[in-house]
Structure formats: C-alpha cells, structure tokens
Amino acid sequence: MSTFHPTRRDVFLVLTCFLVLGLFLQFDFSLRFDSSWGGSGSRYNEASGWRGGSSGASAHKDAAAKAKWIADSNTGIKSKGVSDARVKWDDGPEPVRTEVLSHAPGWTIFDSIYLFNGTWYIVTDNPSSIPLLRMMVSTGNEIWNGEEEIKSREPTEKDMRIIFPSEARKLWGTTVSTVDGPTMLINDPPQFLDHYYHFCAELLVGLWRTYASLDPTITSAGITHLPPPARMMFPHTAAGKWNDYAKMNSFITRAIFPSMSFEFQQDFLDRADTARAFVFERVVFADRAAAFRGPEFQRTWRTAAEAMTLPGSVGWWSPLRKNLIEFVLAGSNEDALEPELSQIDAIYGDNAKADPSTEIDIEALEEQEEAMEEALEEKQAQQAKQKQVVAGKPVITYVSRQEWGRRMLRTEDHQALVKELETLREKYGWEVNIVSMDKLSREEQIRLSARTTIMIGLHGNGLSHLLWMNAANPRATVIEFFFPGGFAEDYEFTARALGIKHYGVWNAETFTEPDLPQVAYPEGFQGNDIPLNGKTVADLIVKRLLVEKHESKDVEGGKP
C-alpha cells in the first residue's frame, strides 16, 4: 500500500478551507446575535417567533421564553462600545416600539421605553394594547388621604405619554441615546422609602416578583436566567432619603445587587436638562400610588399584593436571599469562616446535605495572634449554629420589643413567655434566642434570621427579617402577637408571599389564613400594655415542630 505524502499545494488547500469555514461561522453568528436586536439592544427579532406587546398569560409565557433566550445566548451578543451610545433609524422607517412584558397595578415591565424632558414615552402602533396609564404611573406626589390629595396623584402628560412611531420621529428625529441593561425605577416619593419594612418587604419584594415573572424556571437554590439590574432610579427622591435609620435598606440592596448603580432626583433632572431622548432597554417600573388603585391592594392594603398576582416559580425569592446570605457570611476575612460558606446550601436550599468531614484546624489557628483566637471562638460558635441547621435542629427566635418604648407586651406576660420558651429549650433541646434586633449588627440580624425556624414577636419592624428565613423548610413559621381585636396584614402577607406559615395571636386566641380577621387598629394597638398568653404561644410552637410534623409523616406513610 502506497503512503500518502501531502504536497505544499494540499496543505495550502486544507488551510484555505479551514479559513473560509471559520470566516463563515463568524459571519453567521454575527448575524444571528447582532441583527436580531433593535438599536436599543432589547428588541427580539420577531422573525424568530416570539412577539411582545400582548397581554395576559401568553404575554408572560412569551416574556419568559425571551428572558431565557437572552440568558442562553448572552455569550454570543456583541458587547456595545463607546461608539454605540446612540441608536439610529436611518435604515428603518420608524423608532423601535415599546413593549409591555408584564403588568399588574403599580408594577410594570417595559422594553424600549423612552425618556425625554423628564417624561416617559411609550411608542406603539396599538395604544389600546397598553394598560391604563393611571394603573402604571402617578405624579409621584406624597400619599395622603383626602379628595384633593388623591386627585393630585393622577398622572398627566408630563408623567407618561403614549405616542405613535411617527410622532416619536417628529420629536427626536432619527437617533436617540441608549441606556443598556435592566433598570429598577421607583416612581415614589421618599415618604415610605426610609423604612425597612416598606422598602425591603414591600417595594423590593414587589420589584423582584415583577421581574421574576419573566423567568418561571427560578430554582430554590437561587438559579435564574435573569441578568442583574444595572441601575436603580429614584426620580422623586434625593440621595440618602431612601435609607432607614440603621441603613439596612442600602446594606441589603448593595449586598444583593453589587453591580447596580443608583440615580436620584437630581440625576433624573440632569437627564431632562440635556433636552435629548433616551431609550431604556428594560425598565421594571414601580409606582405605589398606581398600586393603590388595584383590587388586591384594596383587599390587603399591601402594594406588593398586586405584584404577587403575576406568575412566578416556587423559588422566585431565592436568588435575593442567596445573595444576601452569601454576602453576610463572607463579611469576614478570616479563614475560620470558610466552613460556613461550604454549608451555605443548608441555609437557603432544600436539597442541601451536611458535610461531616468539615472541621476547623485548631492547631494551625492557635499559632496566630491573640486577636485571631477571639475571632476563632466567635466563628466556631457561628459554625456550630450552622451545623445545627444542617442537622435539622429547630431555631426559635423571639424578636422582643420590650426595650423599644412603643407597642410592648405587659411586663409580666413578656416574662411568662420567656419562661415558656426556656422550658421548650430544656425539654426538647431546641435553640431559643431572645433578642432585641436593634442591639445586633446588621450581619448578626440577617444570620440569625436565616437560621430561624420559628420567628415570634409583636407586630413591628423586626419581623421584616422573616424575608431571610428558609421558606423551603416546611416547619418555617411566623407567630405574630396583636392587641386583641387588632390586625395588620403586613407580615401575614409577606410570610404567605414567601411560602412561610403565619399565625396571629390575640392573647390566648390564634388565627391563620384563610380565616383572617379584618384589618383593624383599635385603641391599645400601639400601646405598651398588650396582653399575651405565653402558654398559647408555646403550644403553637410544639404543634408546628412536633405534632404537625408527625401528622405529615403519618399521611405520607398511608395512615389515616
């Protein structure tokens, strides 16, 4: 058999073929990922089969498919450079249309929405397909009761307009400036923003639920196709006026979205001062006053209740919780924290398993300085608590307000409750924490909340930490005390939205969904003489941790 000896001509032909093939593939992918998007970078190629602008379930399904396509093809999308700051329509007849991807009263996602002279513009061929403006936007005035105050919040053409593409072309000519990436826009006055509950448990919950409606595949481990928000805008709020006294709002927001920038009222006015149009790739638009006009708010008095009507996966909240817990666990530079990070899935996931081989190298740490030894003891205690979570040991946290000076239990009832909790610890070996949250650092508050199985306390801001509990734990419970006859749906709604069981307690009487009382604030609701039967609370804890657990096992095993 003869041996083949390639000539120089053969080698040249082979190399030429590979070169041509490489150029062809590069050209093909360039067309596929560059030409399928409009000038703003947010418009999906309609020829591919997904069309926006529809409403209802089909719109959410299309938007979810689009969000997944964006994530899956992200590596192929050509990054924009400085020279790509403007989108031009010279090669097309009209501007890119605005799409409404998701909507509930007060919560809307826009693709390719325009901002010009401080006014938002929706560019569309079909204005009737756009939700009512008053259900999406308001003037941003403060929210007070009274006919004149309510009327002052109704939107005008200064706030938002719907125009045809031909009108947009007349207004802006053939080019506008692009603002890439998702934007979270809070069209609210600062009136409610500087409060931990209203910002995190209401606004942030609503914003993320709205955004998460685009990805129905979010897992309980926090995996999502959604790109992180690029910026958060406050058109009606000055810098610093959105933070609570403990700066929990900014701490949590920056922990969850580390790459997100912030624009405030003056920044918004600066954009308007340019007298030029900007097209925003995607905006998650929140407006508290618009949410007030929805039916779910009328029922619950919670603005985020409207956002909860949008579709979402069981694990929709998990990405935010995961990011925050990783942030607080990584808040130390010491090596002793490493075992905690290896067990993080046990805190926020429902499929995590303990790693029994994880141990601290005591001998190596003893060689370090005295300051490191003190830090080691603290980290050992924290790790032990994490291992308790892995092992399934319940953690009961009583958020006490007895040193707050407002809305407190009767002294003797508080002491009786503490005694009942100590009895549970002695009898069952459960971990019991009795804390005043304001006495703990922000990291300590979040770490404790993330480990808590049952959180109990009087109606108050400290219960906002239920946001960081592990909702995947079927025993996760919030027990909230009220002055008898009084009820506010703040934490009941929040717990239910996250999948956490909630009980209300009136002294020795308990209630839970669906048998909830009417919202009421009777005299004494805000007082310092609120009665509570500690034995009732202790019995409810035992029921959640033992009785219902065993009943569940009996049902699973086929017993009646």
Side-chain angles (χ1 to χ4, degrees), residues 37-44 46 51-55 59 63 85-90 92-103 105-141 153-188 210 230-236 263 265 267-287 289-290:
W37 296 86
S40 68
S42 65
R43 306 289 292 182
Y44 189 74
E46 293 185 350
R51 294 179 180 271
S54 56
S55 59
R86 293 179 66 79
V87 56
K88 301 179 180 180
W89 303 314
D90 294 335
E94 292 167 340
V96 178
R97 274 63 161 178
T98 305
E99 292 185 25
V100 176
L101 296 185
S102 190
H103 170 70
W107 310 93
T108 310
I109 302 180
F110 298 99
D111 264 10
S112 299
I113 187 170
Y114 297 77
L115 180 64
F116 177 57
N117 287 346
T119 301
W120 294 99
Y121 286 82
I122 298 171
V123 179
T124 180
D125 296 303
N126 186 13
S128 63
S129 68
I130 304 299
L132 293 176
L133 291 183
R134 67 186 306 270
M135 305 306 286
M136 298 188 294
V137 67
S138 72
T139 59
N141 290 343
R153 298 194 293 269
E154 288 291 335
T156 68
E157 286 197 344
K158 177 59 180 172
D159 303 297
M160 185 176 286
R161 291 182 58 190
I162 300 174
I163 62 175
F164 288 102
S166 56
E167 295 178 78
R169 197 175 184 89
K170 290 178 182 178
L171 279 172
W172 310 315
T174 59
T175 63
V176 295
S177 298
T178 60
V179 182
D180 296 329
T183 299
M184 288 191 168
L185 186 132
I186 294 91
N187 200 52
D188 297 348
T210 304
R231 68 196 58 80
M232 182 173 281
M233 296 179 66
F234 299 82
H236 306 288
E263 293 188 20
Q265 186 176 42
D267 303 296
F268 189 81
L269 294 174
D270 287 344
R271 284 190 184 273
D273 184 61
T274 66
R276 297 293 185 274
F278 298 85
V279 58
F280 283 70
E281 179 179 12
R282 173 166 293 169
V283 175
V284 185
F285 200 107
D287 191 295

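Just so you know, residue 1 is the first one in the sequence shown, and it goes up from there.
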Leu185 versus Pro235: any side-chain heavy-atom pair under 4.5 Å?
yes

Here the salt bridge (charged side-chain N to carboxylate O under 4.0 Å, His left out) pairs for residues 115-124, sequence neighbours left out, are none

I'd like to check Thr183 versus Glu263 (side-chain heavy atoms, cut-off strictly below 4.5 Å). Are they in contact?
no

Find the distance between CG (Leu115) and CE (Met160) and round it off to the nearest 0.5 Å.
10.0 Å

From Arg134 atom CZ to Thr156 atom OG1, the distance as rounded to the nearest 0.5 Å
13.5 Å

Is it the case that the side chains of His236 and Asn187 hold a donor-acceptor pair, with the cut-off being a distance below 3.5 Å and no angle test?
yes

From Met232 atom CE to Ile186 atom CD1, the distance as rounded to the nearest 0.5 Å:
4.0 Å

Pairwise salt bridge (charged side-chain N to carboxylate O under 4.0 Å, His left out) hits with a residue in residues 116-130, at least two apart:
Arg97-Asp125

Quick one: list whatever passes salt bridge (charged side-chain N to carboxylate O under 4.0 Å, His left out) with Arg231, sequence neighbours left out.
none

Restricting to non-hydrogen atoms, name the atom on Ser138 and the atom on Asp287 that form the minimum distance, rounded to 0.1 Å.
N-OD2, 2.8 Å

Answer yes if the side chains of Ser177 and Arg86 hold a donor-acceptor pair under 3.5 Å, and no otherwise.
yes

About how many Å separate CG of Asp159 and CG of Leu133, when rounded to the nearest 0.5 Å?
9.5 Å

Say you draw a straight line from CD1 of Ile162 to CD1 of Ile122; how long is it, rounded to the nearest 0.5 Å?
5.0 Å

Rounded to the nearest 0.5 Å, how far does NE2 of His103 lie from OG1 of Thr108?
5.0 Å

Have a look at Phe280 and tell me which of Trp120, Phe285, Phe110 forms a ring pair (Phe, Tyr, Trp, His ring centres under 6.0 Å) with it.
Trp120

Assess whether side chain to side chain contact (heavy atoms under 4.5 Å, CB included) is satisfied between Val283 and Met233, documenting all intermediate values.
CA-CA 10 Å; Val283 175; Met233 296 179 66; over 6 Å; no

Going by the angle between their ring planes, with limits at 30° and 60°, are Tyr114 and Trp172 parallel, tilted or perpendicular?
parallel

Quick check: closest heavy atoms across Glu154 and Thr139, and the distance to 0.1 Å?
O-CG2, 3.1 Å

Between Asn126 and Ser128, is any side-chain donor less than 3.5 angstrom from a side-chain acceptor?
yes

Dump the intermediate steps for side chain to side chain contact (heavy atoms under 4.5 Å, CB included) on Val123 and Val96, then the final yes or no.
CA-CA 8 Å; Val123 179; Val96 178; over 6 Å; no

